[in-house]
Protein chains: 2
Amino acid sequence: MASTKKMRMTNLESLGEAAECLRTLAHPHRLRMVQMLLQGEYTVGELAEACDVPSHMASEHLRLMQRCGLLTSEKEGRRRYYRVGEPHLESIMQCIETRFGTK
Amino acid sequence: MASTKKMRMTNLESLGEAAECLRTLAHPHRLRMVQMLLQGEYTVGELAEACDVPSHMASEHLRLMQRCGLLTSEKEGRRRYYRVGEPHLESIMQCIETRFGTK
DNA sequence: TCAATATATCGGAATGTCTCGATATGTCAA
DNA sequence: TTGACATATCGAGACATTCCGATATATTGA
């Protein structure tokens, strides 16, 4: 039988938002971009090159992550610099690194 | 220009596995199940009822999470008890709770 | 102004995910 | 053995995501 002990649960609506963030994060290139951005700011082109994807795709990945609050960006001339906008990303990335390693 | 400072990066293949785990986690009902399972073990039916989904769907959600190592399970009679199998889930869930709240 | 560069947008094909009803399997209690 | 219960599996339809080529916009330097 289900016990009746009280638990502090996050409501389903908020868990839906959380799920959206996680789904957005859940892509190897996007994880790599976040891993880089935790070290400093980078342009679309730099992140694209590091992930070996065309820059128009990097642009799209970054836009998605910005849209759900994971990143922020700022335009400088014809470049756009991205940064981490969600402080929890650091600890989530640490979980991933301790489980899957860095090298 | 991209700086040449060395970063310890997780390789793309491992990030792919990480992405698979995150994608599996990225669902409101699955997050709720994990939130419950961090407090103790529960059967398929209990988790289904708590999420207000038919038990055959809970069964499927749980199977997916077990398949990528997030959960473990054990059969007792006609019931199957699930538990958390990935210790990092606790800190990831804490990130979610501090950002999206509990109530 | 012109060409080169950096980023963004659009449409489409392939693929994956979600949810559901229907049905199957395994287990217990009587 | 039978019926009820708990869990699992299957297939279909709707929907979302990924990736790509093509193209668009915006900025700079010459």
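Chain letters run A, B, ... following the sequence lines, proteins first and then strands; every chain starts at 1. Because only heavy atoms are used, hydrogens play no part in the values below, and waters and symmetry mates are left out as well, while side chains stay in.
- Here side chain to side chain donor-acceptor pair (under 3.5 Å) pairs that include residues 63-72 of chain A, with residues two or more places apart or in two chains, are E60(A)-R63(A), Q66(A)-S73(A).
- Within 6.0 Å of the CD atom in E13(A), the count of heavy atoms belonging to other residues, nucleotides or ligands does not exceed 12.
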Between the protein and nucleotides 12-17 of chain C, which nitrogen or oxygen pairs are less than 3.5 angstrom apart?
unit_1	atom_1	unit_2	atom_2	d
dT17(C)	OP1	R23(B)	NH1	3.0

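- C21(A) contributes atom SG, which lies 11.5 Å from atom CG of L22(B) (distance to the nearest 0.5 angstrom).
- A heavy-atom distance below 4.5 Å is found between the side chains of V44(B) and Y82(B).
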Which atom pairs, one a donor and one an acceptor, fall under 3.5 Å between side chains of residues 29-37 of chain A and the rest of the protein, sequence neighbours left out?
unit_1	atom_1	unit_2	atom_2	d
R30(A)	NE	T24(A)	O	2.5
R30(A)	NH1	H61(A)	ND1	3.0
R30(A)	NH2	T24(A)	O	3.3
R32(A)	NH2	T10(B)	O	2.3
Q35(A)	OE1	T10(B)	N	3.2
Q35(A)	NE2	E97(A)	OE2	2.8
Q35(A)	NE2	T10(B)	OG1	2.9

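- Running 5' to 3' along DNA chain D, contacts with non-hydrogen atoms of chain B at under 4.0 Å begin and end at dA4(D) to dT9(D).
- Side chain of E49(B) to main chain of E46(B): no donor-acceptor pair is present (N/O by atom type, distance under 3.5 Å, no hydrogens or angles).
- When the local axes at the two ends of the helix from dT1(C)-dA30(D) to dA30(C)-dT1(D) are compared, using 5 base pairs at each end, they differ in direction by 30° after rounding to 10°.
- In this structure, CZ on R8(A) lies 4.0 Å from OG1 on T102(B), to the nearest 0.5 angstrom.
- Here the OG atom belonging to S14(B) is positioned 11.0 Å from the CD1 atom belonging to I96(A), to the nearest 0.5 angstrom.
- Atom CZ of residue R79(B) and atom NZ of residue K75(B) lie 12.5 Å apart, to the nearest 0.5 angstrom.
- Considering only residues two or more places apart in sequence or on other chains, E41(A) meets the side-chain hydrogen bond (donor to acceptor under 3.5 Å, both in side chains) condition with R83(A).
- M57(A) and L70(A) are not part of a single hydrophobic cluster, where members link through side-chain heavy atoms under 4.5 Å apart.
- Residues passing the side-chain hydrogen bond (donor to acceptor under 3.5 Å, both in side chains) test with R23(A), sequence neighbours excluded: none.
- Atom CD of E90(A) is separated from atom SG of C95(B) by 10.5 Å, given to the nearest 0.5 angstrom.
- We find the CD-CG distance between Q94(A) and L38(A) to be 8.5 Å, quoted to the nearest 0.5 Å.
- Residues from residues 51-67 of chain B with heavy atoms under 4.0 angstrom of DNA chain D, sorted by number: S55(B), H56(B), S59(B), R63(B).
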How does protein contact run along nucleotides 24-30 of chain C, one letter per nucleotide 5' to 3', with B for base contact, S for sugar-phosphate only, - for none, heavy atoms under 4.0 Å?
-> --SBS--
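- When the side-chain hydrogen bond (donor to acceptor under 3.5 Å, both in side chains) test is applied to H88(A), the partners found at least two apart in sequence or on another chain are E86(A), T98(B).
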